[in-house]
2 protein chains.
Amino acid sequence: MSDQSNDPATQDGSLAARGKPRVYQNTVKRLAFSILKGDFPAGHVLPPETDLCDKLGISRSALRESVRALKDKGMLIARPRHGTIVQPRSAWHLLDADLLNWSMEVDPDAEFVFSLFEARQVIEPAAARLSAMRATSGDIEAMEAAFADMSAAKAAGDFQRFNEADIAFHLALLRATSNVVFIQLSNMIGTALAIAFRMSIARAHEPGESLSQHGDLIEMIRARDPIGAENVMTRLLAVAGIDLGLSNRGPSKS
Amino acid sequence: MSDQSNDPATQDGSLAARGKPRVYQNTVKRLAFSILKGDFPAGHVLPPETDLCDKLGISRSALRESVRALKDKGMLIARPRHGTIVQPRSAWHLLDADLLNWSMEVDPDAEFVFSLFEARQVIEPAAARLSAMRATSGDIEAMEAAFADMSAAKAAGDFQRFNEADIAFHLALLRATSNVVFIQLSNMIGTALAIAFRMSIARAHEPGESLSQHGDLIEMIRARDPIGAENVMTRLLAVAGIDLGLSNRGPSKS
DNA sequence: GTCAAGTAATAGTCTGACTAATGAGATGGG
DNA sequence: CCCATCTCATTAGTCAGACTATTACTTGAC
């Protein structure tokens with residue numbers, strides 16, 4: 001809930017940029033949540049700009065910048081005479097960093113959670129494989145640092161910190177692929193992990209064998225064993241999937 | 001180069017929305033290309049808003065909406081007193097639909113092309129597998145329609161149309177996964193295919209066995225054979241990789 | 001009933017001013 | 001001479017109100 005997190009680790013250049021909160025930021029978030037929570041369903045026409053300005057107590061230029069941002073995320077479309085219309089979910093840019101953060105705060109949405117996890121099952125084993133081929137010493141150090149943090153957090157019983165270190169580990173692994181596309185998917189993977197954490201604390205669940213698997217992963221990468229790394233990651237995700245109650249619907253036939 | 005394509009197939013809710021060109025759109029594109037082409041390198045501070053308005057001959061509100069869009073794409077960052085600063089490529093949201101389109105028009109950028117293709121090698125075989133498990137009759141019809149179009153285009157020697165039909169085929173396959181994350185990656189896959197087309201026409205290359213492989217793929221999906229579909233897609237991409245001159249650096253050991 | 005012209009509603013654009021954040025320089029005390 | 005503090009200039013952020021362009025709807029003629 002630390003809205004103005006000033007840790008330099010946050011590399012997402014979206015909202016939450018350092019600095020005092022601005023009118024624009026508040027308005028974007030307010031409108032976005034109204035849409036996400038269903039107060040403004042798909043197809044809903046929101047009030048004319050001038051009316052909406054009065055209602056929100058802001059100027060038209062500030063409102064327009066907010067609407068611009070939501071239009072660029074595919075959530076709104078504006079046409080003269082028609083007004084500004086809420087788009088259906090299918091049109092949203094669900095991998096947008098802000099949208100991922102917002103979705104996490106309101107809407108578990110089983111289908112989306114499943115899609116995120118299934119995407120992880122596809123992408124992360126491949127990422128592990130590529131990391132084993134290309135990771136630099138700096139990449140490996142980043143993963144080791146995250147792993148050490150995971151260990152310390154588990155020893156301390158600090159689940160929150162464990163989750164953050166877990167995310168840091170997986171993002172470091174993505175970075176180690178040197179593939180810009182996978183690196184761009186960091187937000188998606190991070191969100192998937194954060195959601196998984198929320199769901200697992202709801203079941204009073206604890207790390208379990210996850211930690212040792214992360215250790216094995218580092219070993220495989222350090223040993224430059226692509227196949228081994230891929231296999232460990234696949235197993236790691238299988239365990240995570242069971243924890244989530246997502247019996248993965250037969251991605252590999254038995 | 002049909003800038004205002006009015007075909008209803010374009011589902012991207014980004015720019016290029018139907019309607020007459022607006023001041024805002026022109027300005028975004030103009031600024032974006034200045035950055036992409038390197039006229040405004042990373043770290044460059046662009047002129048104060050008032051000056052820039054004069055230079056571009058537009059009002060400040062129009063400029064600010066343009067800058068807002070580019071900030072949301074991670075290309076710019078603005079701070080009072082400092083000005084508006086061009087961000088390094090690493091901060092850009094490279095999977096943004098607009099950014100993908102723009103990148104394609106100016107910058108082949110070997111590393112990015114390789115990353116795109118490598119991502120295809122990871123995602124598309126899995127997508128083929130999932131499609132074989134879940135594709136509806138409507139999904140299969142869409143793929144068959146695209147395949148028929150590919151065949152006709154090849155017969156007519158129309159490479160441009162062949163490429164468009166090829167893209168339509170792969171997007172239909174992604175849609176058939178019913179996985180929203182993969183569907184969101186349509187823009188990335190489509191761009192990768194469009195770039196591949198541009199590179200292959202530069203080598204005066206023609207479809208070759210690609211067509212029959214797409215046919216096999218439909219057969220596997222219709223037969224509900226996930227493993228078979230995955231294998232066909234893997235082979236299809238291997239051929240495409242050779243055409244591109246990208247000797248894929250050992251994703252699967254021999 | 002069909003088609004055309006006119007009208008009203010709305011987003012898009014322009015202008016110009018004021019506010020707030022912030023780095024750099026000036027000022028003062030130690 | 002060095003350091004903390006204050007002041008100020010610069011710039012993005014916000015506000016206000018007007019005008020323009022687009023387009024659905026209405027009205028009227030045929």
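Naming: A, B, ... by sequence-line order, numbering from 1 per chain.
A search for salt bridge (Lys or Arg N to Asp or Glu O under 4.0 Å) contacts involving A/Glu141 returns nothing, not counting sequence neighbours. With sequence neighbours left out, A/Asn179 forms a side chain to side chain donor-acceptor pair (under 3.5 Å) with B/Glu118. A/Asp149 meets the side chain to side chain donor-acceptor pair (under 3.5 Å) test with A/Arg161; sequence neighbours excluded. With sequence neighbours excluded, the residues that form a side chain to side chain contact (heavy atoms under 4.5 Å, CB included) with B/Ser61 are B/Ser59.
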Notebook entry, point to check: Which parts of nucleotides 8-14 of chain C does protein reach within less than 4.0 Å, heavy atoms only, written one letter per nucleotide 5' to 3' as B for base, S for sugar-phosphate only and - for none?
Noted result: BBBBBBB
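For the pair B/Asp51 CG and D/dT10 C1', the computed distance is 11 Å after rounding to whole Å.
Within the structure, side-chain hydrogen bond (donor to acceptor under 3.5 Å, both in side chains) pairs that include any residue of residues 38-51 of chain A comprise A/Glu49-A/Arg60, A/Glu49-A/Arg64 (at least two apart or interchain).
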